[in-house]
Number of protein chains: 2
Amino acid sequence: MDPVPMLLAMTYRAMGDQFHDRLRQVGLEPLRPAHGYVFRFLKAKRATTVDIGQHLGVTKQAAAKIVNELDEWGYVLREPHPTDKRAQYVTLTTKGRDYLKFADNLWSDLEQEMAEAIGQETLNTIKTGLAAYLQHVHGEDQPGLRPVW
Amino acid sequence: MDPVPMLLAMTYRAMGDQFHDRLRQVGLEPLRPAHGYVFRFLKAKRATTVDIGQHLGVTKQAAAKIVNELDEWGYVLREPHPTDKRAQYVTLTTKGRDYLKFADNLWSDLEQEMAEAIGQETLNTIKTGLAAYLQHVHGEDQPGLRPVW
DNA sequence: TATAGTTGGACAACCTGGTTGACTACTTTG
DNA sequence: CAAAGTAGTCAACCAGGTTGTCCAACTATA
């Protein structure tokens with residue numbers, strides 16, 4: 001049996017490839033996983049570029065590039081921070097929220113197919129097991145998302 | 001609950017970071033996951049650079065760079081292919097096999113800690129479940145390993 | 001068996017997505 | 001109120017891939 005991280009990486013890639021294939025069929029901008037993570041993050045809380053970088057596990061400069069792209073494509077916009085004149089909140093536009101909804105549907109389709117392939121119960125165990133491990137390793141504060149290659 | 005791929009990515013990174021931390025303590029060359037995957041692959045079968053690229057899911061040129069590094073560091077060497085004068089088999093040196101043994105021990109330590117954190121049974125279910133999913137998606141022929149970011 | 005197509009490997013130019021470092025404007029703290 | 005810290009931007013750089021091109025050697029076919 002392969003070591004756990006290899007299984008994780010292969011599964012991640014397998015699901016990602018399927019997601020990407022289906023996404024391409026609807027002809028959106030070339031959104032990468034990082035963009036999706038940003039959408040999900042922004043839906044959950046108001047955040048600045050620095051916050052986003054921290055969440056992704058990259059520098060603020062890298063995060064700024066991502067935010068710039070999303071801005072150009074109309075998925076997010078910047079609005080002034082109410083109390084800090086240096087900072088800007090990054091917020092989802094309607095287009096951004098629509099994309100997130102679309103992506104969520106796609107993910108749950110893929111997850112459903114996974115459940116049919118290996119059993120709903122097994123899938124549940126995988127999800128709760130991984131979540132528990134992350135909880136164990138990191139405690140409350142989430143780690144960066146970016147996989148290291 | 002986060003979508004499955006996010007859990008996969010975060011767990012992958014969490015384990016990888018721990019591995020890397022411990023590896024650094026023994027002061028080896030800056031080996032990346034790809035190198036480890038190559039070692040494991042070479043242990044299983046005789047392979048050329050092209051084979052390695054296919055296994056990793058990268059171009060043969062990218063694979064060649066990795067093999068060059070491993071060669072310079074003394075982990076692998078090239079030997080002529082017995083029947084094909086163009087090709088070269090890449091094989092592990094003793095240093096390469098030693099590293100692989102060391103890494104395998106480290107991984108099983110980490111896996112053991114994971115088992116203690118979430119339960120051996122849960123871990124088993126995760127491993128067999130993911131393997132079954134990969135089997136379902138790809139059939140017999142393994143996919144490339146490289147995670148896409 | 002001559003020849004057309006394919007393949008392993010190498011070299012070079014380039015691209016992408018990150019990095020570090022420096023700087024300004026603003027904010028927080030002692 | 002001075003000193004230290006922080007959000008954001010600009011610029012230079014780097015790592016790890018890519019594509020394109022080529023040659024020598026192999027393979028299949030007519």
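Source: prediction; values computed, not measured. Every chain is numbered from 1, with letters handed out A, B, ... down the list of sequences.
As a whole-Å value, the separation of Q88(A) CD from dG8(D) C1' is 7 Å. As rounded to whole Å, 13 Å separates atom P of dT18(D) from atom NZ of K60(B). At whole-Å resolution of the value, CZ in R46(B) and C1' in dG8(C) are 16 Å apart. In this structure, CZ of R32(B) is placed 17 Å from P of dG18(C), rounded to the nearest angstrom. Spacing between atom CD of Q54(B) and atom P of dT18(D) amounts to 13 Å, rounded to whole angstrom units. Atom C1' of nucleotide dC15(C) and atom NZ of K65(A) are separated by 12 Å, given to the nearest angstrom. We find that NE2 of H81(B) is positioned 16 Å from C1' of dA24(D), with the value rounded to whole Å. Between H35(A) atom NE2 and dT16(C) atom P there is a gap of 13 Å when expressed in whole angstrom units.
Taking every heavy atom of both residues into account, L77(A) and D71(A) meet most closely at CA-OD1, 4.4 Å. For L134(A) against A14(B), the heavy-atom pair with the smallest separation is CD2-CB, 4.1 Å.
Residues in residues 100-110 of chain B take part in these side chain to side chain donor-acceptor pair (under 3.5 Å) pairs, two or more places apart or across chains: R40(B)-D104(B). Residue pairs satisfying the side chain to side chain donor-acceptor pair (under 3.5 Å) criterion with at least one member in residues 125-134 of chain A, sequence neighbours excluded, are listed as follows: E111(A)-K127(A), Y133(A)-Q18(B).
Using modelled atom types, one finds a donor on one side chain and an acceptor on the other under 3.5 Å when comparing E29(A) with Y75(A).
Checking dG17(C), dA7(D), dT19(C) against every side-chain atom of E69(A), the shortest atom distance belongs to dG17(C).
Residue T59(B) is in base contact, counting any heavy-atom pair closer than 4.0 Å across all strands shown. Backbone-only contact: T48(A) has heavy atoms under 4.0 Å from sugar-phosphate atoms and none from a base. Within the 4.0 angstrom heavy-atom criterion, base atoms lie near Q61(B). Heavy atoms of A64(B) sit nowhere under 4.0 angstrom from any nucleic acid atom.
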Subject >> Footprint string (nucleotides 24-30 of chain C, 5' to 3'): B base within contact, S backbone only, - free, heavy atoms under 4.0 Å >> reply: -BBS---
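Contact of the I52(B) side chain with the Y37(B) side chain is not registered, since no non-hydrogen atoms from C-beta on lie closer than 4.5 Å.
Atom NE2 of H136(A) has 12 or fewer heavy atoms from other residues, nucleotides or ligands within 6.0 Å.
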